Amino acid sequence: MAHILGVGIATLDIINYLNGYPQEDSEVRAERQQVCRGGNACNSLVVLSQLGEHCDWCGVLANDAGGQIIRQDLQSHGIHFSHCQIESGGTTPTSYITLNQLNGSRTIVHYRDLPELSADSFIQCDLTRYQWVHFEGRAVDQIKVMLQHLKQQQPRLPCSIEIEKPREGIETLFPYAELLLFSRHFAEANGYTSAVSLLSAMQLLAPHAQLVCAWGSDGAYAVEPQGDIFHASAFAQTDIIDSLGAGDTFNAAVIHNRLLGQPLPLALKNSNRLAGLKCSQQGYTGLAARYQKLDK
Ligand code: FRU
């Protein structure tokens, strides 16, 4: 199995599970509450570690109670984080999440008061240890320096970037990645109404990368460098109860499949299956075990 470095945020997630979605200015009672670690890169690493990969995380930790919860959770998944940046002043980024168990929708109010990871912290990582590096496309100026360092030090080390939210200049990161994982949110925020129209446009900006975009119940789309766009149907689940982190799970599965050398169409199909399973359970526990049991 491969050694993977994930670069991105860790959050404290305060999840209220409801049977429905509250009206504005109403008072409702949650069925259940969970306080746990979240964050796209860390969620993906947790799934990757379940799939048998060795994972390290590089990100920012606050010296507060939330930071402690994050440390304990990562440790429990065998994810090492010796290269993270400790900020004594800030607070752990916190997501207040309303999870509607009737349809799986997750509504996130995120509060952030912590510096972004600096390129200097990333540069401390010994890149010779890794077979893959995955980045969350966040603070563009810093991530670009990290990517330049990676390509200079380890030109053959493949990397992926999650392009989830529109951020100024994010397209300047595209040329450094072997794999770009676009979200539907990014597509729609940029005026694209389908994954196909997004990928066709992105192909011009990143002609040397594999491009992937998941589009909820419409399945996922991908394209090889200079190739045609192809589609894999969503893995239909009757019991969708929790979509929190489904995109992070999908991304983890694509990376895992690429590391296994699976062709992109099969990688997409398998990733839809894992993301679909995620939506039919709360949290991530036992996800890979359920996936391994599927008749493939
Ligand atoms: C899910 C998630 C949550 C986190 C939020 C951050 O994808 O990573 O765990 O609170 O998104 O944007």
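When a ligand or atom number is given, it counts from 1 through the structure's own listing order. Predicted model, so just to flag it, every value in this text is computed and none were measured.
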| message | Is it the case that over 12 heavy atoms from other parts of the model lie below 6.0 angstrom from the CD atom of Q23? | response | no
| said: side-chain contact (heavy atoms from CB on, under 4.5 Å), that's the test. Do C159 and H134 meet it? Break it down for me. | reply: CA-CA 6 Å; C159 74; H134 174 63; over 6 Å; no
| said: Residue-level breakdown please: for N40 versus ligand 1, do any non-hydrogen atoms fall below 4.0 Å on the side chain, on the backbone, on both, or on neither? | reply: both
Looking only at protein heavy atoms, identify the closest one to [atom] and say how far it is in Å.
atom	result
atom 5 (C) of ligand 1	S95 OG, 3.9 Å
atom 7 (O) of ligand 1	D248 OD2, 2.7 Å
atom 9 (O) of ligand 1	D13 OD2, 2.6 Å

| said: Between R112 and E116, does any NZ, NE, NH1 or NH2 come within less than 4.0 Å of an OD or OE carboxylate oxygen? | reply: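 R112 and E116: salt-bridged.
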| message | Between K151 and E178, does any side-chain N to carboxylate O distance fall below 4.0 Å? | response |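 A salt bridge links K151 with E178.
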Is there a polar contact, in the sense of an N or O pair closer than 3.5 Å, between [X] and ligand 1?
X	answer
E164	no
G39	yes
H110	no

Near [X], which atoms of ligand 1 are under 4.0 Å from a heavy atom of that residue?
X	value
N43	1 (C), 2 (C), 8 (O), 9 (O)
G38	9 (O)
T11	4 (C), 10 (O)

| said: To check you understand the geometry: which heavy-atom pair defines the closest contact between H208 and P225, and what is its length? | reply: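 Here H208 and P225 meet closest at O-CG, 3.5 Å.
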| request: Validate the cation-pi geometry between K278 and Y284: distance from NZ or CZ to the six-membered ring centre under 6.0 Å, angle to the ring axis within 45°. | output: yes
| task | Check the side chains of Q203 and Q226 for a donor-acceptor pair under 3.5 angstrom, ignoring hydrogens and angles. | result |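 Absent: no donor and acceptor within the cut-off.
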